[in-house]
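One structure coming up, written as structure tokens, with questions to follow.
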Amino acid sequence: MKAISIKETGRLNGTITIQGSKNTVLPIMAATVLGSGISVIENCPVIEDVYAMCELLQCLQIHTTLEGHTLTIDTTQAAYAPLPYEMTSRLRSSILLLGPMLARWKQAEIGMPGGCAIGLRPIDIHLEGLMKMNVDFRMRNQMLYCNTYHLQGCEYHLRFPSVGATENLILAATGATGRTILRGIAKEPEIIELCQYLQRMGVTMEGIGTDVLTIKGTSQFVACDYNNVYDRIVAGTYLLMAAAIPCDIKMVGIDDIRYMANVIRVASQLGAQVIRMDSYLEVQSNGWINPGTFQTGIYPEFPTDLQPVLVATLLRGQGISYVEETVFEKRFSIVSELRKLGAEIEIQDQTLKISGGHCLQGHTVKATDLRQGAALVLAGLMSKGYTTVTDISYIERGYEDIVEDLRQLGARIQYI
Ligand code: UD1
């Protein structure tokens, strides 16, 4: 298995291009199941999760080709098939095929989803909403068996604005009879992108971008192309890294800066100078971090996905910082690995107390999830000597090439 070797890096300079969004393209790929035709997706990130989703689509006789960053999806031969656990367990977003399969075939036999182990990741909200739409289900041996004689529009209030449940219920509702009103839904940019894409496919919706969405089901879907937006979490990762390492960098490919307003605010609070231009950001910092108190939250709050990267950044702070995680229970796998480098971090219930300013010493550390892995790369850049990050397949799920991106900025980093 590949690993990454990182040497302490004093400065980052240059330009970095931000890849297309993982969390946007995966639900759009799931949405293509609804129609019949050819859809071309531009700016598709070349990452493991996209390959895994392509393989799942291929089980449904949906043909995919990825050339450069252009993904072509051909659903003209689409046919119902069960999706085995060995394949669905490769990624969390496999569960997003449930909604479109029910909308199209009124049945789905689908393995439980996998994805990063970042806390409890139940699917009860997905299932409760689908039950309201008249879906019966049972679970056996990691397989979920769902069917409905008549997918019926409904009113449903999500007890928590889960991103995945919102996407799944929207996707199912597109094929339901009558209207579905979903209340208390998530409002992440990925959901707005999905809704706008579905509108172009022929679905009538009201309330896009608010927490109440009305969807009128249809059976007439038009296959549509899609130009993917930038990945706000990847951009945020590099922005926080830039705050922690003295730098003068330009981040290009950021088409809508609003999607990362909160991360820019936090990076500025940490001490980075962030200059917003039309389609790029300029970031300068001297690597001095202001300690502070931070909290993750649902969009538009600071994203939970960047919590491990923020924690690593705060190790550079001259004093004590606190980070409270409010979205996932115990998403703290970063702590034990950072301690191996000499970090002083205490877990106090859902909050981390980070004592910054201590010298970090390179060591071998293990990636156990996507964003935690990226945070370990940052910690390696800040640690004396050499750091090896192992199990980097987790990082490859969501970052196209973190090594090449950072090497272009002058980091001393390589695959081993
Ligand atoms: C998505 C993102 C992930 C991000 C997360 C929160 C993708 C592919 N992944 O994950 O990167 O960290 O949003 O922004 O888009 N929950 C339940 N029951 C459910 C569903 C969720 O209790 O049925 C809880 C979860 O345990 C968690 C919280 O809701 O505590 C948020 O989860 P959710 O928004 O569903 O995250 P994902 O869609 O899995």
Which atoms form the tightest heavy-atom contact between Gly153 and Thr180, and what is the distance? CA-OG1, 3.2 Å

In Å and rounded to the nearest 0.5 Å, what is the CG to CD distance from Leu83 to Glu55?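 Leu83 CG to Glu55 CD: 12.0 Å, rounded to 0.5 Å.
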
Ala52: which residues meet the side-chain contact (heavy atoms from CB on, under 4.5 Å) condition with it, sequence neighbours left out?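 Ala52 satisfies side-chain contact (heavy atoms from CB on, under 4.5 Å) with Arg90, Leu91 only.
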
Among residues two or more places apart or on two chains, list those pairs meeting ring-ring contact (aromatic ring centres under 6.0 Å, His included) that have a residue in residues 178-211.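 Found Tyr197-Tyr226.
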
Note: Asp231-Lys22 ion pair, threshold 4.0 Å (strictly below):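 So Asp231 does not pair with Lys22 through a salt bridge.
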
Any donor and acceptor pair, going by atom type alone, linking the side chain of Gln19 with main-chain N or O of Val234 inside 3.5 Å?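 Such a contact is absent between Gln19 side chain and Val234 backbone.
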
Using side-chain hydrogen bond (donor to acceptor under 3.5 Å, both in side chains), reason through Glu325 and Thr304 one step at a time and then give a plain yes or no. CA-CA 7 Å; Glu325 171 58 53; Thr304 170; 3.0 Å; yes

Nearest 0.5 Å, please: how far is CG in Leu71 from CD1 in Ile73?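 Here the interatomic distance stands at 4.5 Å.
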
Qualifying ring-ring contact (aromatic ring centres under 6.0 Å, His included) pairs, either residue in residues 121-140, two or more places apart: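 Every candidate ring-ring contact (aromatic ring centres under 6.0 Å, His included) pair involving residues 121-140 fails, so no pair, neighbours aside, qualifies.
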
Can you list every salt bridge (Lys or Arg N to Asp or Glu O under 4.0 Å) pair that touches residues 237-262, not counting sequence neighbours?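 Residue pairs passing salt bridge (Lys or Arg N to Asp or Glu O under 4.0 Å), neighbours aside: Asp256-Arg258.
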
I'd like to check the side-chain contact (heavy atoms from CB on, under 4.5 Å) partners of Ala374; sequence neighbours left out, ordered by chain and number. Thr237, Tyr399, Ile402

Between Arg183 and Glu155, does at least one N-O distance fall below 4.0 Å, as a salt bridge requires?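 Yes, charged N to carboxylate O under 4.0 Å.
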
Is the side chain of Glu344 donor-acceptor paired with the backbone N or O of Arg339 at a distance under 3.5 Å, no angle test? no

So Leu281 and Ile275, do their side chains get closer than 4.5 Å, heavy atoms only?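 Answer no - side chains too far apart.
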
Quick one, Met201 and Leu198 - any side-chain contact, counting heavy atoms below 4.5 Å?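 A side-chain contact exists here, since the closest heavy-atom pair is under 4.5 Å.
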
Strictly distance-based, threshold 3.5 Å: is any side-chain N or O of Thr9 a donor or acceptor partner for the main-chain N or O of Arg11? no

Looking at Thr388, is its backbone amide N or carbonyl O close enough to the side chain of Thr364 to form a donor-acceptor pair, meaning the two atoms are under 3.5 Å apart?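 No, Thr364 side chain to Thr388 backbone: no donor-acceptor pair under 3.5 Å.
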
Considering non-hydrogen atoms only, spot the tightest contact between Leu194 and Pro27 and give its length.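 Result for this residue pair: CD1-O, 3.8 Å.
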
With Asn227 via side-chain contact (heavy atoms from CB on, under 4.5 Å) - residues at least two apart: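 Testing Asn227 for side-chain contact (heavy atoms from CB on, under 4.5 Å), a comparison that skips the adjacent residues, returns Glu42, Asn43.
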
How long is the span from the CG atom in Leu370 to the CG atom in Asp49, to the nearest 0.5 Å? 7.5 Å

Stepwise side-chain contact (heavy atoms from CB on, under 4.5 Å) test for Leu352 and Val335: CA-CA 9 Å; Leu352 296 182; Val335 174; 3.8 Å; yes

Any pair with a residue in residues 243-267 that passes ring-ring contact (aromatic ring centres under 6.0 Å, His included), sequence neighbours left out, goes on the list, sorted by first then second residue, please. none

Is the backbone N or O of Val229 less than 3.5 Å from a side-chain atom of Ser21, with the two atoms forming a donor-acceptor pair by type?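 It does not hold such a pair.
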
Are side-chain N/O atoms of Thr64 and Gln58 paired as donor and acceptor at under 3.5 Å?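 Judged by distance alone, the side chains do pair up.
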
Does Asp225 have any salt bridge (Lys or Arg N to Asp or Glu O under 4.0 Å) partners at least two apart in sequence or in another chain, and if so, which?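 Checked Asp225 against salt bridge (Lys or Arg N to Asp or Glu O under 4.0 Å); zero matches.
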
If we only count heavy atoms from C-beta on, is the Tyr230 to Arg232 side-chain gap below 4.5 Å?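 The answer is yes; the side chains approach within 4.5 Å.
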
Rounded to the nearest 0.5 Å, how far apart are CD1 of Ile181 and OH of Tyr156?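 Output value for this atom pair is 15.0 Å.
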
Aromatic Tyr415 / basic Lys2 pairing, under 6.0 angstrom, 45° off normal: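 Judged by the rule, Lys2 and Tyr415 form a cation-pi pair.
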
Which residue pairs pass the salt bridge (Lys or Arg N to Asp or Glu O under 4.0 Å) test when at least one of the two sits in residues 376-388, sequence neighbours left out?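 For residues 376-388, and leaving out neighbouring residues, the salt bridge (Lys or Arg N to Asp or Glu O under 4.0 Å) pairs sorted by first residue read Glu8-Lys384.
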
Is it the case that the side chain of Asn286 and the backbone of Trp288 share a donor-acceptor pair, with hydrogens and angles ignored and the cut-off at 3.5 Å?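 Yes; at least one donor-acceptor contact below 3.5 Å.
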
Strictly by modelled atom types, are Glu128 and His157 linked by a side-chain donor-acceptor pair under 3.5 Å? no

Under 3.5 Å, side chain of Glu193 to main-chain N/O of Pro189, donor-acceptor pair present?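 Side chain of Glu193 to backbone of Pro189: no pair is present.
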
For the side chain of Thr218 and the backbone of Lys216, is there at least one donor-acceptor N/O pair under 3.5 Å apart?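 Looks like no, no N/O pair under 3.5 Å.
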
Side-chain donor-acceptor distances from residues 97-107 under 3.5 Å, at least two apart:
residue: Arg104; atom: NH1; partner: Val33; partner atom: O; Å: 2.8
residue: Arg104; atom: NH1; partner: Gly35; partner atom: O; Å: 2.8
residue: Lys106; atom: NZ; partner: Ala103; partner atom: O; Å: 2.7

Could you check whether atom NZ of Lys132 has more than 12 heavy atoms from other residues, nucleotides or ligands sitting under 6.0 Å from it?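 No, NZ of Lys132 has 12 or fewer neighbouring heavy atoms, counting only those of other groups under 6.0 Å.
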
Quick check against the 3.5 Å criterion: does Ser321 have a side-chain atom that pairs as donor or acceptor with the backbone of Pro291?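 Judged by distance alone, no pair lies under 3.5 Å.
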
Going from CD1 on Ile185 to OG1 on Thr210, what distance comes out if it is rounded to the nearest 0.5 angstrom?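 Here the rounded value is 6.0 Å.
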
Ser333 side chain to Thr368 main-chain N or O, any donor-acceptor pair under 3.5 Å?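 No, the answer is negative, given that no donor and acceptor are paired below the 3.5 Å cut-off.
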
Using side-chain contact (heavy atoms from CB on, under 4.5 Å) as the criterion, list what pairs up with Thr326, not counting sequence neighbours.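 Expected list: Gln295, Thr296, Glu324.
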
Side chain proximity check, Phe221 to Thr174, heavy atoms < 4.5 angstrom: yes

Nearest 0.5 Å, what's the CD-CZ distance between Glu109 and Arg140? 10.0 Å

For residues 157-175, which residue pairs pass the salt bridge (Lys or Arg N to Asp or Glu O under 4.0 Å) check, not counting sequence neighbours?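 Only Asp124-Arg159 qualify under salt bridge (Lys or Arg N to Asp or Glu O under 4.0 Å).
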
